[in-house]
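In what follows, chains carry the letters A, B, and so on, assigned in the order in which the sequence lines appear, proteins first and then strands, with residues in each chain numbered from 1.
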There are 2 protein chains.
Amino acid sequence: MDLQKPLEKIRKFYHQRKRLPSYREIAELLNFKSVNASWRVVKKLIEQGYLDKDSQGKLIPKKLTHELKVLGTVAAGMPTLANQEEMDTLSLDEYLLTNPSKNYMLRVIGQSMKDAGISPNDLVIVESEKEPLNGDIVVAEVDGDWTMKYFQKRKNEVVLIPANKDYPNIYPKQNLRIGGVVVSLIKKYY
Amino acid sequence: MDLQKPLEKIRKFYHQRKRLPSYREIAELLNFKSVNASWRVVKKLIEQGYLDKDSQGKLIPKKLTHELKVLGTVAAGMPTLANQEEMDTLSLDEYLLTNPSKNYMLRVIGQSMKDAGISPNDLVIVESEKEPLNGDIVVAEVDGDWTMKYFQKRKNEVVLIPANKDYPNIYPKQNLRIGGVVVSLIKKYY
DNA sequence: TTGACAGGTGAACGATTGTTCAATAGACTA
DNA sequence: TAGTCTATTGAACAATCGTTCACCTGTCAA
């Protein structure tokens with residue numbers, strides 16, 4: 001049985017309508033006249049791990065969601081088209097959001113983290129209410145201003161160190177408030 | 001009517017089960033004894049743009065998907081908790097995947113793009129079958145090896161330039177194959 | 001020629017679906 | 001007190017749901 005076409009149709013339906021089709025709808029998609037035919041196709045798709053079922057028998061997606069093929073490492077070269085299907089896929093949302101309810105995103109302005117590869121217009125994902133470790137990049141309010149810096153705790157004081165020699169270290173006198181720890185950085189070129 | 005609790009419950013259900021609850025299930029979630037009660041809650045949620053309906057009346061998510069609050073710019077400071085709800089949200093998948101079927105992801109090894117802020121273990125999202133412009137970062141096969149470099153087209157030849165002075169420019173003799181253009185870069189610290 | 005098998009048809013089942021109606025309970029205002 | 005409003009209840013509707021029958025093709029091997 002050819003599972004490729006059904007998979008593609010179902011995937012398309014899912015992305016367009018943001019829900020999975022019912023067996024009747026699958027029959028329509030695949031030009032079946034009987035729901036039993038789609039029932040059998042779905043059974044195979046479940047066996048192969050593309051779909052799954054609820055406790056109530058409702059279909060839920062498994063390997064269908066907007067996902068990225070991870071093709072390997074750059075220097076190791078490009079995999080051929082032949083084995084692309086076997087590679088892992090990954091949802092960016094799930095991958096990047098360490099703690100969805102506490103994550104938020106900031107757009108970077110200013111050059112103070114330049115040497116860490118963080119430039120204006122980049123996006124950083126920040127996790128709030130997280131205890132920073134030495135070397136973490138934190139978003140902090142120092143004496144009234146918000147900045148992004150490396151976090152360094154020494155004996156009794158905290159130092160905020162920029163990744164740019166043109167900027168001075170910051171020794172917060174009072175009112176140091178940590179807004180969160182930068183958990184990931186996103187640069188978008190296009 | 002308090003929509004916050006229902007929203008949160010429905011959102012949680014959606015993320016756990018990867019489908020939206022039925023009206024009966026919503027009633028159960030919110031301790032309603034009547035489906036009509038959930039029907040009205042849903043009506044409100046639709047009016048506010050959190051949910052939507054199919055042509056068949058089935059619920060589909062709108063602003064429910066795993067989304068990030070974009071809180072503003074770093075230097076501009078942190079918004080207060082009060083206006084967080086009004087901020088934009090953004091799905092990373094939708095934001096980063098310029099062309100889902102042609103995008104794939106590579107893990108970076110090697111230091112050759114160091115000065116562009118691209119380090120080993122970073123992830124790059126590549127769009128295949130895209131014509132590179134001068135200055136774009138491309139993934140290319142040169143004389144048998146795969147690398148990531150800046151793309152530069154001069155008169156009749158193509159030069160691949162690393163972002164690291166310790167590495168030489170590459171003047172492909174033959175067999176230059178562009179695997180794709182890097183459309184975004186992801187660094188994950190945690 | 002026979003038999004097995006995979007793919008599709010058609011119909012039926014009880015359960016669950018979205019939707020709507022009338023009715024009830026409490027909070028607030030006039 | 002009477003009246004209005006909102007939130008919830010409870011019951012009912014046709015339609016659709018997932019699931020399972022028995023049956024009908026065609027293909028290929030024995």
C/dA15 OP1/OP2 closer than 4.0 Å to side-chain N/O of A/K58: no
Atom pair distance, as rounded to whole Å: CZ in B/R24 and C1' in D/dT8: 16 Å
Interatomic distance where CD1 belongs to B/I26 and P belongs to C/dT17 [whole Å]: 11 Å
Short side-chain N/O contact from A/Y23 to OP1 or OP2 of D/dT19, under 4.0 Å: yes
Base D/dT9 paired with B/N36 side chain (donor-acceptor, <3.5 Å): yes
Min side-chain heavy-atom separation A/L59-A/I26 under 4.5 Å: yes
Nearest listed nucleotide, side chain of B/W39, among C/dG8, C/dT19, D/dT19: C/dT19
B/E25 with B/R19: basic N within carboxylate O range, under 4.0 Å: yes
Per B/A37 side chain, nearest of listed nucleotides C/dT19, C/dT16, D/dT8: D/dT8
Proximity to the side chain of B/F32 - top-ranked nucleotide from D/dC17, C/dT9, D/dT8: D/dT8
Any N/O donor-acceptor pair, A/S34 side-chain to C/dG10 base, under 3.5 Å: yes
Any A/K43 side-chain N or O less than 4.0 Å from OP1/OP2 of D/dT19: no
Side chain of B/K33 - closest among D/dA11, D/dT9, C/dT16: D/dT9
D/dC17 OP1/OP2 closer than 4.0 Å to side-chain N/O of A/S22: yes
Whole angstrom value for the distance that separates P of C/dC5 from CZ of A/R40: 14 Å
Electrostatic pair A/K188-A/D122, nearest N-O below 4.0 angstrom: no
Greater than 12 external heavy atoms within 6.0 Å of A/E47's CD: yes
